[in-house]
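Encoded as structure tokens, the structure appears first; notes follow it.
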Number of protein chains: 2
Amino acid sequence: MTQFPPFLEETDDTRDAIMRATYAALCEHGYSELTIQRIGDAFPKSKSLLYHHYDSKDDLLLEFLSFMLDQLEGQIPTYREGGADDHIAEIVEQTFDLGVAEMSADFTRALVELRAQAAHDEGYRDHFTRSDQFVRKHVAHTIRSGIEQGVFQDVDPQETAALFQVVFVGTMTQRVTSDDDVLEGGRSAFERYIRECLLEAE
Amino acid sequence: MTQFPPFLEETDDTRDAIMRATYAALCEHGYSELTIQRIGDAFPKSKSLLYHHYDSKDDLLLEFLSFMLDQLEGQIPTYREGGADDHIAEIVEQTFDLGVAEMSADFTRALVELRAQAAHDEGYRDHFTRSDQFVRKHVAHTIRSGIEQGVFQDVDPQETAALFQVVFVGTMTQRVTSDDDVLEGGRSAFERYIRECLLEAE
DNA sequence: ATGTGCTAACTGAATAGTTAGTCAGCACGT
DNA sequence: ACGTGCTGACTAACTATTCAGTTAGCACAT
């Protein structure tokens with residue numbers, strides 16, 4: 001059975017139930033084998049009802065992505081005070097260890113497939129652009145704080161955050177698309193980068 | 001019209017022609033809208049003939065990937081002597097600037113889509129595992145040479161190459177799936193990493 | 001209370017289109 | 001005669017989407 005993230009708890013709302021069904025179907029079948037039928041199967045009501053609430057399969061999935069991103073954005077405390085260095089360490093931990101926080105491996109898989117759609121679909125590209133910008137700005141802001149706190153060297157926050165973003169996407173993609181084990185080694189090397197190029201020597 | 005890479009020159013061989021047609025169709029339509037029909041359209045002979053040479057669509061595409069990888073592996077001089085530092089600089093250039101060498105943007109797009117299939121398809125995963133290993137070992141070898149040459153610090157070649165691989169996949173994916181411009185900044189930050197964590201200070 | 005009109009949620013069955021894959025047979029070099 | 005490369009027409013399965021029609025609930029006049 002699919003393990004739902006906390007913000008997808010049971011509610012009576014039909015549209016929430018559709019989001020839940022979409023999440024479940026995506027985890028179970030992946031994007032490439034996702035059909036309206038299968039979303040319907042994961043949904044207590046009828047398949048046709050999906051069209052009552054959304055214009056098309058595409059519309060539904062885009063709304064789904066937007067819904068997930070909203071939840072995620074709402075969930076991340078804009079910035080909990082505390083050492084910026086600790087926060088960065090947490091981000092690295094999440095990047096190389098589990099992927100994103102509570103995301104199941106199955107959902108990560110589907111997410112990588114969904115991102116790939118952005119290569120030829122503007123709607124998806126818009127979504128991931130927004131998503132990337134959110135993450136990158138969050139990291140940049142953290143780095144800026146760290147510099148002010150004196151725990152980071154005087155680096156360019158934008159550029160550094162950009163590298164974080166690339167490493168983040170690369171890791172996530174690599175994890176689910178290749179058995180070549182690159183994560184442990186990549187992590188060591190990246191931590192060395194943080195130690196020598198980001199953290200202020202004490 | 002599709003611009004073919006040099007190793008896909010015109011030949012009489014039918015199977016080469018099929019590879020060419022697959023490449024062209026992939027560039028024109030991307031993976032998600034790739035059909036046997038469309039490969040047939042880009043092919044001077046008939047669609048049914050494809051089944052005479054390959055068992056299934058999946059078989060054909062896997063053979064195509066394998067074919068491309070063989071060509072690429074054969075093309076990269078195992079190691080042209082010369083400064084390992086220059087060679088690494090070239091790799092960085094190719095990573096952030098054009099993507100891989102002469103690959104068209106269209107093909108890169110398709111390649112990202114193809115990689116995403118590996119999330120749920122073992123055949124594709126095997127391919128990209130092999131592909132990743134090749135690249136990573138090539139980079140690791142270059143780094144090892146650089147250390148011996150005294151131009152690189154005494155880093156762990158495996159770990160460093162792993163980070164290169166992650167950055168490579170991340171950049172390629174990001175480039176075609178997001179309009180958030182992360183490449184320039186990522187490049188600057190990565191070049192700083194190379195300067196401070198890889199190159200031997202002179 | 002009750003009947004009436006109206007709307008939104010909902011359903012099962014149908015449809016039109018597309019797809020991978022098949023197959024009987026043609027041309028032709030040996 | 002025979003195998004090989006090759007073809008066009010075909011099919012069976014699956015897809016997103018539609019649609020005619022059922023229900024349940026609500027507002028409101030009687």
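Please read all numbers here as calculations on a predicted model, not as lab measurements. The figures that follow rest on heavy atoms only: side chains count, while hydrogens, waters and symmetry mates do not.
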For a 4.5 angstrom cut-off between non-hydrogen side-chain atoms, does B:Tyr54 reach B:Leu62? no
How close or far is atom P of D:dT23 from atom NZ of A:Lys45, stated in whole angstroms? 17 Å
Quick one: A:Ile18 CD1 to C:dA8 C1', roughly how many Å, whole number? 14 Å
Is it the case that the ring center of A:His87 lies less than 6.0 angstrom away from the ring center of A:His138? yes
The side chain of B:Tyr51 is closest to which nucleotide in this list: C:dT22, D:dT7, C:dA9? C:dT22
Show your reasoning for whether side chain to side chain donor-acceptor pair (under 3.5 Å) applies to A:His120 and B:Glu113. CA-CA 9 Å; A:His120 288 95; B:Glu113 288 183 282; 2.8 Å; yes
Distance in angstrom units between B:Tyr31 OH and C:dA20 C1', rounded: 12 Å
Using a cut-off of less than 4.0 Å, is there contact between a side-chain N or O of A:Thr14 and OP1 or OP2 of C:dC10? yes
Taking the ring centre of each residue, are A:Tyr193 and A:Phe190 less than 6.0 Å apart? yes
Length of the line joining A:Lys57:NZ and D:dT15:P, which is rounded to integer Å: 9 Å
Does any non-hydrogen side-chain atom of A:His52 lie less than 4.5 Å from one of A:Lys45? no
Using the side-chain heavy atoms of B:Lys47, tell me which of these nucleotides is nearest: C:dC10, D:dC10, C:dA14. D:dC10
Which of the following nucleotides, C:dG12, C:dT19, D:dC10, is nearest to the side chain of A:Ser48? C:dG12
In whole Å, what is the span from the CG atom of B:Asp58 to the P atom of C:dT19? 17 Å
Heavy atoms under 4.0 Å, any strand shown: does A:Leu49 hit a base, just sugar-phosphate, or nothing? base
Does a side-chain N or O from B:His52 land closer than 4.0 Å to OP1 or OP2 of D:dG5, or not? yes
Would you mind reading off the distance between A:Gln37 atom CD and C:dT18 atom C1', rounded to a whole angstrom? 17 Å
Measure from OH on B:Tyr54 to P on D:dC6 and round the result to the nearest Å. 12 Å
A:Asp41 atom CG is separated from D:dT15 atom C1', nearest whole Å, by 14 Å
